[in-house]
Amino acid sequence: MRENLAFVSSQNMAFTDCMKPTELSTDKKGIKRKNWRNKIGFLLKSNSSQSIVHGMKIRSYRPTADDTHQWAQSLDKLLSHKYGKAAFCIFLKSEFCEENIEFWTACEDFRTLTSHKELASKATSIYEEFIKNEAPKEINLDFPTKNAIAQSLHEPTTDSFLVAQRKVYSLMENNSYPRFIYSDLYKELCAAARGRGQAH
C-alpha cells in the first residue's frame, strides 16, 4: 500500500519538488548532468593512498560497496552517511531542487541550538531563505504550514520547523530519492565502490 501511495504521490508531485517548469530547458539540463560527473569525481576515484600507521590500516574515506548498498535501503541511511548525503545533494542540483536538502539540513542544525538568541536569529534566516513568498530558495509548502512558521518567529522553539521539515523529507523520500537510486550517478558510485572492493 505504501508503495502505491508513494507512486501516486510522485506522479502528482512531479513538478512540485524539482524542476520548476521555467527551468526545464534542455541546454540547462545537459549542463547540470555534466556537472554532477565532475562533482562526484572525488567519490569515484579509487583511493590508492591507504597507509599503515602504527600497525593500523587507515580506512578508506571513499564509500564502500556496503555503504552504497545501505543508501538504497532508506533515505534516512543515505542522509546519515556523509558521502551519501553529498551525492544526493549533487543529484538534487542536477534536478534543480537542491533547496529541499538545504532546508532539511538547516532544520537539523537549527534543532541543535540551545540559546534563545541563536534560535531567534537562525529561525528568521531560515524563514527568509526558504519559507516566505518569493524567498531565494523557496520550498513547496502549503499556506497553513508557512503561516504557522511565520507566527512562531516571535517565540521560536527547536520544533518551529518540524512540520515543514517532515513534509520536505516526505517529498524527497517519495519523489527525489527513488529517482536517485535509479540514476546513472548512483549506479556509477556503486560500480566504483565495487571496483575498489575487488582491488583490495
Taking side chain as C-beta onward, heavy atoms only, is [X] less than 4.5 Å from [Y]?
X: Glu95; Y: Arg179; result: yes
X: Thr157; Y: Leu119; result: no
X: Glu155; Y: Ser160; result: no
X: Lys146; Y: Gln151; result: no
X: Leu79; Y: Tyr169; result: yes
X: His69; Y: Thr64; result: no

Taking the side chain from [X] and the backbone from [Y], do they hold a donor-acceptor pair closer than 3.5 Å?
X: Ser121; Y: Lys117; answer: no
X: Asp142; Y: Thr145; answer: yes
X: Tyr177; Y: Ser74; answer: yes

- Any chance the side chains of Asn140 and Lys167 put a donor and an acceptor closer than 3.5 Å?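 Short answer, no.
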
- Item | Pair Lys85, Thr105: side-chain N/O donor-acceptor within cut-off below 3.5 Å |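 Indeed, the side chains of Lys85 and Thr105 share at least one donor-acceptor pair under 3.5 Å.
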
Locate the shortest heavy-atom distance separating [X] from [Y]; write the atom from each residue and the value.
X: Tyr186; Y: Ile181; answer: CD2-O, 3.1 Å
X: Ala164; Y: Ile149; answer: CB-CD1, 3.7 Å
X: Ala193; Y: Ala65; answer: CB-N, 3.5 Å
X: Leu141; Y: Ile131; answer: CD1-CD1, 3.7 Å
X: Pro178; Y: Met172; answer: CD-O, 4.0 Å

Spacing of [atom1] belonging to [X] relative to [atom2] belonging to [Y], to within rounding of 0.5 Å:
X: Ile139; Y: Phe130; atom1: CD1; atom2: CZ; result: 7.5 Å
X: Lys132; Y: Thr124; atom1: NZ; atom2: OG1; result: 11.0 Å
X: Glu188; Y: Thr68; atom1: CD; atom2: OG1; result: 13.0 Å
X: Leu189; Y: Asp67; atom1: CG; atom2: CG; result: 11.0 Å
X: Ser125; Y: Glu128; atom1: OG; atom2: CD; result: 8.5 Å
X: Cys97; Y: Asn175; atom1: SG; atom2: CG; result: 8.0 Å

- Message: side chain to side chain contact (heavy atoms under 4.5 Å, CB included) for Thr158 and Leu113? Distances and angles first, verdict last.
- Response: CA-CA 7 Å; Thr158 51; Leu113 301 177; 5.6 Å; no

- Task: List the steps and the verdict of side chain to side chain contact (heavy atoms under 4.5 Å, CB included) for Leu162 and Arg111.
- Result: CA-CA 9 Å; Leu162 197 56; Arg111 286 165 57 194; 3.8 Å; yes

- Take Leu92 and Ser176 through the test side chain to side chain contact (heavy atoms under 4.5 Å, CB included) and record every step on the way to the result. CA-CA 7 Å; Leu92 291 180; Ser176 308; 3.5 Å; yes

- Task: Under the side-chain hydrogen bond (donor to acceptor under 3.5 Å, both in side chains) rule, collect the residues that match up with Lys137, sequence neighbours excluded.
- Result: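 Partners of Lys137 by the side-chain hydrogen bond (donor to acceptor under 3.5 Å, both in side chains) criterion, ordered by chain and then number, come out as Glu102, Glu129.
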
- Query: Phe88 and ring pair (Phe, Tyr, Trp, His ring centres under 6.0 Å): which partner among Phe180, Trp104, Tyr83, Trp71?
  - Reply: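 Of the listed options, the one satisfying the test is Phe180.
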
- Item | With Phe161 via ring-ring contact (aromatic ring centres under 6.0 Å, His included) - residues at least two apart |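 Phe161 satisfies ring-ring contact (aromatic ring centres under 6.0 Å, His included) with Phe110 once adjacent residues are dropped.
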
